[in-house]
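Accompanying notes for the structure given below.
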Protein chains: 2
Amino acid sequence: MDAKPPLRSPTVTDVAAAAGVSPMTVSRVLNGRGGAGEETRQRVLEAAQALNYRPNAFAQSLKSDRSNTVGIVVPDIVNPFFPEIIRGAELVARPAGYTLLSCNVVEDPEREEEVLGTLLDRRVDGVIICSARLDEERLLRAIAPHRAVVLINRSVAKRYAGTIEVDYRAGVEAAVSSLIAQGRRRFVFAAGPAYSHGGRKRREGVEAVLSRHGLALVHDLSCTPDLQGGIELAGKLVPRAGEIDAVICYNDLIALGLMKPFETAGISVPDQVAIVGCDDIPAASLVTPPLTTLRIAKQDLGEMAMRMLLDRIAGRNAQQGIVIEPDLILRSTTPSDLVQEEAGSKLELAAARI
Amino acid sequence: MDAKPPLRSPTVTDVAAAAGVSPMTVSRVLNGRGGAGEETRQRVLEAAQALNYRPNAFAQSLKSDRSNTVGIVVPDIVNPFFPEIIRGAELVARPAGYTLLSCNVVEDPEREEEVLGTLLDRRVDGVIICSARLDEERLLRAIAPHRAVVLINRSVAKRYAGTIEVDYRAGVEAAVSSLIAQGRRRFVFAAGPAYSHGGRKRREGVEAVLSRHGLALVHDLSCTPDLQGGIELAGKLVPRAGEIDAVICYNDLIALGLMKPFETAGISVPDQVAIVGCDDIPAASLVTPPLTTLRIAKQDLGEMAMRMLLDRIAGRNAQQGIVIEPDLILRSTTPSDLVQEEAGSKLELAAARI
DNA sequence: TGAAGCTACGTTATCGTTATCGTTCTTTCA
DNA sequence: TGAAAGAACGATAACGATAACGTAGCTTCA
């Protein structure tokens with residue numbers, strides 16, 4: 001129990017010496033490949049146990065050309081949307097014998113490229129990329145050398161990657177439709193990062209419904225997809241509050257960022273201005289008034305992505321693209337005759353769209 | 001640009017062949033060790049570029065016995081406290097040439113042990129462990145084989161690991177003192193995981209101040225350190241609301257979890273019951289009323305931990321233990337004659353304690 | 001009884017990199 | 001002019017694990 005940091009960890013050779021056999025026999029025993037006598041097997045196992053032997057993953061990977069490691073790249077680990085995805089992915093990866101390497105890109109395309117390179121150096125068996133911010137060409141170049149790729153919220157030619165997309169467009173259409181039904185006409189779209197694929201889908205959803213009603217966006221403003229972005233955006237919107245009556249936000253963080261400044265400025269939500277978020281992060285239901293938003297099954301998303309990735313690594317490219325539908329969660333930042341009960345309330349989108 | 005997944009990635013030998021030199025020369029050039037002629041250098045660099053060569057990290061690690069990888073273990077990546085720490089750690093690790101392997105333990109000691117083993121298999125050069133949940137003996141056994149270890153919020157004999165601790169005890173004392181000054185007498189401690197070291201410190205802080213005033217805890221209840229835990233705890237506290245006038249919570253999530261049920265039950269916060277959280281996660285300032293809490297510089301914490309770890313990896317064990325002080329952020333879940341302004345308000349603890 | 005077949009191992013070679021040492025060729029200066 | 005020093009590079013071996021093959025000893029049955 002006197003644990004001093006061991007200068008060198010034991011190798012197969014050490015175990016072999018201790019058990020009085022060849023390294024190969026140790027390998028055979030430890031990998032359960034058979035071809036070793038029962039008595040020898042016991043001796044080897046005891047020796048390995050005694051030395052606290054652990055196979056060197058580098059040596060194994062070098063030989064086998066498989067790292068049993070998969071990567072997941074997220075734009076910002078501090079955004080509550082992503083940790084749940086990571087958790088889902090990990091929940092699937094670990095029982096399958098894979099270690100998950102999660103990489104944070106801090107919303108920086110350069111970093112995204114760099115990180116995909118680092119993952120390549122580590123010879124990951126596959127990568128999941130969430131909300132890739134790179135442009136098409138650089139993205140393709142970055143994923144090309146990878147053995148298996150799954151993209152979340154980004155589409156790309158099928159041969160390059162599997163995709164899982166949230167049908168933001170439909171979700172946003174449901175939200176906007178519901179607001180129009182309640183008489184709102186003067187919409188603002190609080191877009192997130194300009195290069196976001198999901199952001200474009202959301203905008204399409206807003207514009208589609210508006211144009212169907214002969215309306216157009218009053219403002220289309222971009223900001224960073226975090227609380228600070230929402231706060232800054234509020235600075236621009238407050239002076240023009242009279243011109244608007246609804247804000248559709250790229251995500252919940254932006255929406256939450258808007259709320260305090262609006263309250264301070266005496267802009268009442270939802271009476272004067274309605275606010276809709278996206279993602280349904282935990283904080284959305286905690287604030288006052290609780291935030292109307294699009295719920296996405298984040299952990300499921302991570303699990304599905306990882307299952308798809310493992311399939312692709314194994315050469316089974318059965319599922320090429322999955323689309324999941326968000327649920328419109330009506331809370332109190334949008335006016336409503338019937339605000340849903342909080343517990344377990346879900347309005348299936350399919351139903352919500354006409 | 002026709003990017004089909006390459007069956008085999010190029011090796012030094014491929015580059016060497018392309019440049020008409022030996023593999024050794026390629027290695028020399030790419031590692032900038034000198035000992036290569038300028039003209040040769042150019043040829044090699046061009047060849048490497050053309051083949052899109054990337055050194056195999058496994059082979060390098062196998063030779064050098066260094067992985068340039070460090071691990072960080074957190075109890076729950078979905079708890080907003082931890083992603084900020086991870087981000088801080090990554091911000092320091094990457095420029096130093098290290099890849100960060102972050103592992104999620106889902107509040108399970110078994111998993112913690114398993115994960116430390118996995119990291120060992122990957123031959124990480126060091127590990128940061130946040131809020132280790134393992135008991136002393138198993139923790140020591142688990143960290144012993146690691147080359148360098150830094151513990152966040154857990155102490156252990158100096159020879160085994162560097163430590164960074166938040167002085168929760170002092171922080172909680174400040175919070176409780178301030179409540180007592182305002183006439184609160186009937187305290188509940190909403191403890192988190194029973195095996196949490198930081199939790200014990202917090203309890204000590206509460207009890208120290210209470211006993212100084214001849215008081216004792218009315219209830220000492222444990223729950224999971226997440227929203228759900230707070231909600232469940234509220235179920236127990238609501239019926240006994242008459243017996244209490246202040247709840248000190250293990251963390252903000254528990255505190256936030258209490259608030260909605262309290263509101264629903266007509267228990268007014270802070271008039272009837274004051275609530276104090278811990279961590280100052282973003283949601284704490286967004287809810288109504290905003291949550292009084294202990295602010296911890298989470299990203300700094302991650303950065304410091306990583307710097308300490310890199311020092312230890314390099315053999316510089318200068319800093320053995322660091323203690324950081326939390327700031328008591330007085331918001332509106334505690335009564336106050338002078339509620340602090342939100343922007344930039346910090347009450348330095350040293351000052352807050354008498 | 002002896003050839004074939006099987007089991008239980010050991011030997012060798014290999015994955016990709018790089019430290020070490022050796023070789024060749026050029027330069028330098030007594 | 002020749003010995004010594006240095007520069008530029010190649011050959012070899014090793015990191016740890018294991019696939020492929022080799023071999024010794026035993027069993028089996030014509």
Side-chain angles (χ1 to χ4, degrees), chain A residues 6-45 47-48 51-69 97 120-125 145 147, chain B residues 6-45 47-48 51-69 97 120-125 145 147:
Chain A
L7 291 178
R8 208 182 56 90
S9 17
T11 72
V12 257
T13 311
D14 299 326
V15 178
V21 297
S22 78
M24 193 57 228
T25 299
V26 174
S27 173
R28 270 190 276 253
V29 170
L30 265 36
N31 292 303
R33 292 248 189 294
E38 182 52 27
E39 191 217 357
T40 313
R41 216 180 77 85
Q42 287 306 330
R43 278 216 317 286
V44 168
L45 288 178
L51 292 177
N52 212 341
Y53 170 75
R54 284 183 160 268
N56 184 318
F58 297 138
Q60 291 182 317
S61 297
L62 183 58
K63 265 241 92 177
S64 66
D65 201 34
R66 304 194 71 251
S67 63
N68 290 313
T69 298
L120 194 60
D121 292 343
R122 308 268 166 218
R123 296 296 194 276
V124 291
D125 295 330
R147 305 231 247 282
Chain B
L7 290 178
R8 206 182 58 90
S9 17
T11 72
V12 258
T13 312
D14 299 325
V15 178
V21 296
S22 78
M24 194 55 230
T25 299
V26 174
S27 173
R28 271 190 275 254
V29 170
L30 265 36
N31 291 304
R33 291 250 188 293
E38 183 51 31
E39 190 216 357
T40 314
R41 216 180 77 85
Q42 287 307 329
R43 279 216 316 285
V44 168
L45 289 177
L51 291 177
N52 211 341
Y53 170 76
R54 284 182 161 267
N56 184 318
F58 297 139
Q60 290 182 317
S61 297
L62 183 57
K63 267 243 91 181
S64 66
D65 200 34
R66 306 193 69 251
S67 62
N68 290 313
T69 298
L120 194 60
D121 292 344
R122 308 268 167 220
R123 295 295 193 276
V124 291
D125 295 329
R147 302 229 248 283

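Every chain is numbered from 1, with letters handed out A, B, ... down the list of sequences.
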Worksheet entry | Euclidean distance, atom CG of residue B/Asp65 to atom P of D/dA14 [Å, nearest integer] | 17 Å

Worksheet item: Can you find a side-chain donor-acceptor pair between A/Ser61 and A/Asp65 that sits under 3.5 Å?
Response: no

Worksheet item: Knowing that exactly one of B/Leu45, B/Val15, B/Asn31 qualifies, which makes a side-chain contact (heavy atoms from CB on, under 4.5 Å) with B/Val26?
Response: B/Val15

Worksheet item: Could you state the CZ-P distance from B/Arg66 to D/dC15, rounded to the nearest angstrom?
Response: 19 Å

Practice prompt. Give the rounded distance in Å between these two atoms: CG of B/Leu62 and P of D/dT18.
Written response: 12 Å

Worksheet, complete the sentence: B/Pro10 and B/Asn52 have their tightest heavy-atom pair at CG-O, 4.0 Å

Worksheet, complete the sentence: Axis-to-axis angle across the helix from C/dT1-D/dA30 to C/dA30-D/dT1, five pairs each end, nearest 10 degrees, ~ 60°

Worksheet item: Does B/Glu39 CD have over 12 foreign heavy atoms under 6.0 Å away?
Response: no

Fill in: Donor-acceptor contact present, side-chain A/Ser64 to main-chain A/Gln60, <3.5 Å
yes

Worksheet, complete the sentence: When rounded to the nearest 0.5 Å, the distance separating CZ of B/Arg123 from CZ of B/Arg147 is 7.5 Å

Worksheet entry | Minimum-distance pair of heavy atoms, taken over all atoms of B/Val12 and B/Ser27 | CG1-N, 4.4 Å

Worksheet item: OP1, OP2 of D/dG16 versus side-chain N and O of A/Gln60: anything below 4.0 Å?
Response: no

Practice prompt. Starting from P on D/dA8, measure out to CZ on B/Arg33 and report it in whole angstrom.
Written response: 17 Å

Discussion item. Mind checking if B/Ser61 touches a base, just sugar-phosphate, or nothing, with heavy atoms under 4.0 Å?
Written reply: nothing

Worksheet item: Can any side-chain N or O of A/Asp125 pair as donor or acceptor with the backbone N or O of A/Arg66 at less than 3.5 Å?
Response: no

Item to complete: Please report the C-alpha distance between A/Asn56 and A/Thr11 in whole Å, then the side-chain angles of each, then the deciding distance to 0.1 Å, and finally whether the side chain to side chain contact (heavy atoms under 4.5 Å, CB included) criterion is met.
Response: CA-CA 8 Å; A/Asn56 184 318; A/Thr11 72; over 6 Å; no

Discussion item. Using only atom types and a distance under 3.5 Å, with no angle test, would you say the side chain of A/Arg41 pairs donor to acceptor with the backbone of A/Val29?
Written reply: no

Worksheet item: Is A/Ser64 near enough to D/dT18 that one of its side-chain N or O atoms lies under 4.0 angstrom from OP1 or OP2?
Response: no

Discussion item. Going 5' to 3' along DNA chain C, between which two nucleotides do contacts with chain A fall, using a heavy-atom cut-off of 4.0 Å?
Written reply: C/dA8 to C/dG16

Discussion item. Contact list please: residues 18-31 of chain B against DNA chain D, heavy atoms, distance less than 4.0 Å, in numerical order.
Written reply: B/Val21, B/Ser22, B/Met24, B/Thr25, B/Arg28

Worksheet item: Nearest nucleotide by nearest heavy atom, which residue falls closer to the 5' end of DNA chain D, A/Lys63 or B/Gly37?
Response: B/Gly37

Fill in: Exam field: side chain A/Thr69 to backbone A/Ser67, donor-acceptor pair closer than 3.5 Å
yes

